[in-house]
Protein chains: 2
Amino acid sequence: MNGNKTHIGTSPATGFVSSYLLYLLAAASEAASKQFHLRVREMGLRIPEWRVMACLHDQDGLMITQLAHYALMEQSRITRIIDQMVTRGLVVRHNDTVDGRRVRIYLTDEGQALSSELVKAAKAHELQLLKGLSSDDARNIKPALQALLSSLEDIADLD
Amino acid sequence: MNGNKTHIGTSPATGFVSSYLLYLLAAASEAASKQFHLRVREMGLRIPEWRVMACLHDQDGLMITQLAHYALMEQSRITRIIDQMVTRGLVVRHNDTVDGRRVRIYLTDEGQALSSELVKAAKAHELQLLKGLSSDDARNIKPALQALLSSLEDIADLD
DNA sequence: GCAAACTATATGAAAATACATATAATCATA
DNA sequence: TATGATTATATGTATTTTCATATAGTTTGC
């Protein structure tokens, strides 16, 4: 109601940072996730747990290493997150039958239910985000991000 | 040379996650930053320190709270990062003359030198990233991210 | 079938981060 | 000008995250 509260813009209006690609990516990622992440926490999950759930929703029975890769986290961190999720009854560990080193993670019934619900909410939220953009921007943003990602994967494959 | 090493894609090829906007944003942000962040650490800085330096490069003398906002970090974290940067001689704290609660942060000469060098490197790296994209994607990506950001700021202003 | 190299996961310990709250300065106003 | 509300920063503490490395299973080459 009042305009008193000093409004601090997202970044200094002018200067390097505010139009720096890596800043825009980080800021957009954070800002866009903010509302949905609130929702995730309301459902009693932490963000890393939600990421694991989303991956398992797509493909149940992933290995620790694969989860680390897909969920953009370090292996030892995934191991501990899985520990907690097992305790909470969201997932179970099973040893791979052919390679005893591998541990495959499966959603429990409760985990399935929760992940389905959250994925549904995530899709709805994504639509909301895209509706806030011009049709041009809405059309362009994902392809641009995917192009950036794939150009970087190419580089990573050069080893 | 060999194709033996199992190639793990960035995310399950199919399914929800791999084309989910929030995933693409987080993954693109992480992947795009990766190389440059290596460089930052080679220069002896941690990533949060670099972010602070970049903000101060744009606008020296920012307050703790402003730094937290611009550098996408929590206030108490900024306070401790500044502690370390002061110890390292990269910045100094000065009390604001008109409002004694405020603490303004200024780059030292060493901090200025380092931030200039890193900003130059960041700009060069950004050009490299954009060169890896089609001209369409390169042209579209920043406006799309900025549009997303500003659409979200509008929402945040509704309180 | 054994040793060495490799891969997958787990774990110990240090460091970073978040969350709640303390401290201190300013502001509004009666 | 005292009081309560507000703002800016700092700090205590618990939790999370990282980093290095341990453990255990597998593969390769002899």
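Proteins get letters first, then strands, A, B, ... in listed order; numbering begins at 1 in each. In this text, all values refer to a predicted model and were calculated from it rather than measured experimentally.
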Roughly how many Å is it from [atom1] in [X] to [atom2] in [N], rounded to a whole number?
X: B/I64; N: D/dT7; atom1: CD1; atom2: C1'; value: 14 Å
X: A/R80; N: D/dA14; atom1: CZ; atom2: P; value: 19 Å
X: B/I78; N: D/dT11; atom1: CD1; atom2: C1'; value: 16 Å
X: A/I81; N: C/dT11; atom1: CD1; atom2: P; value: 15 Å
X: A/E30; N: C/dT17; atom1: CD; atom2: P; value: 13 Å
X: B/R41; N: C/dA16; atom1: CZ; atom2: P; value: 12 Å
X: A/I105; N: C/dA10; atom1: CD1; atom2: C1'; value: 12 Å
X: B/H69; N: D/dA8; atom1: NE2; atom2: C1'; value: 16 Å

I need the minimum non-hydrogen distance between A/L56 and A/G61, along with the two atoms involved.
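Closest approach of A/L56 to A/G61: CD2-N, 4.1 Å.
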So, A/T79 versus A/Q75: side-chain donor-acceptor pair below 3.5 Å or not?
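A/T79 vs A/Q75: donor-acceptor pair found between side chains.
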So, is B/T65 close to the D/dT9 phosphate, meaning a side-chain N or O under 4.0 Å from OP1 or OP2?
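Yes, B/T65 has a side-chain N/O under 4.0 Å of OP1/OP2 on D/dT9.
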Please determine whether a side-chain nitrogen or oxygen atom of A/R46 lies at a distance below 4.0 Å from atom OP1 or OP2 of D/dT16.
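The answer is yes; a side-chain N or O of A/R46 sits under 4.0 Å from OP1 or OP2.
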Geometric class of the A/F16/B/W50 ring pair [parallel <30°, tilted 30-60°, perpendicular >60°]
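Correct class here is tilted.
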Look at the side chain of A/Q75 and the base of C/dA10, then say whether one donor and one acceptor between them are separated by less than 3.5 Å.
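Indeed, a donor on one side and an acceptor on the other fall under 3.5 Å apart.
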Does the D/dT26 base have a donor-acceptor partner in the side chain of A/R101 within less than 3.5 Å?
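When only heavy-atom distances are counted, A/R101 does not reach the base of D/dT26 through any donor-acceptor pair under 3.5 Å.
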Do any N or O atoms from the side chain of B/Q66 and from the backbone of B/M63 form a donor-acceptor pair under 3.5 angstrom?
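Answer holds: yes.
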For the side chain of A/N140 and the backbone of A/D136, is there at least one donor-acceptor N/O pair under 3.5 Å apart?
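Checked: pair present.
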Closest nucleotide of DNA chain D for A/E74 versus for A/V98: which of these residues is on the 5' side?
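So the residue in question is A/E74.
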Using the closest heavy atom to pick a nucleotide of DNA chain D for each, name whichever of B/D99 or B/D83 lands nearer the 5' end.
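Its nucleotide being nearer the 5' end, the pick is B/D99.
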Touch class at under 4.0 angstrom, heavy-atom based, for B/R93 against every strand present
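Sugar-phosphate contact only - B/R93 comes under 4.0 Å of backbone atoms but never of a base.
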Give A/M73 one of three labels, base, sugar-phosphate or nothing, depending on what nucleic acid heavy atoms sit under 4.0 Å from its own.
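Nothing, no heavy atom under 4.0 Å.
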Counting only side-chain heavy atoms from C-beta out, which of D/dT16, D/dA8, D/dT11 sits nearest to A/Q84?
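Ranking D/dT16, D/dA8, D/dT11 by closest atom to the A/Q84 side chain puts D/dT16 first.
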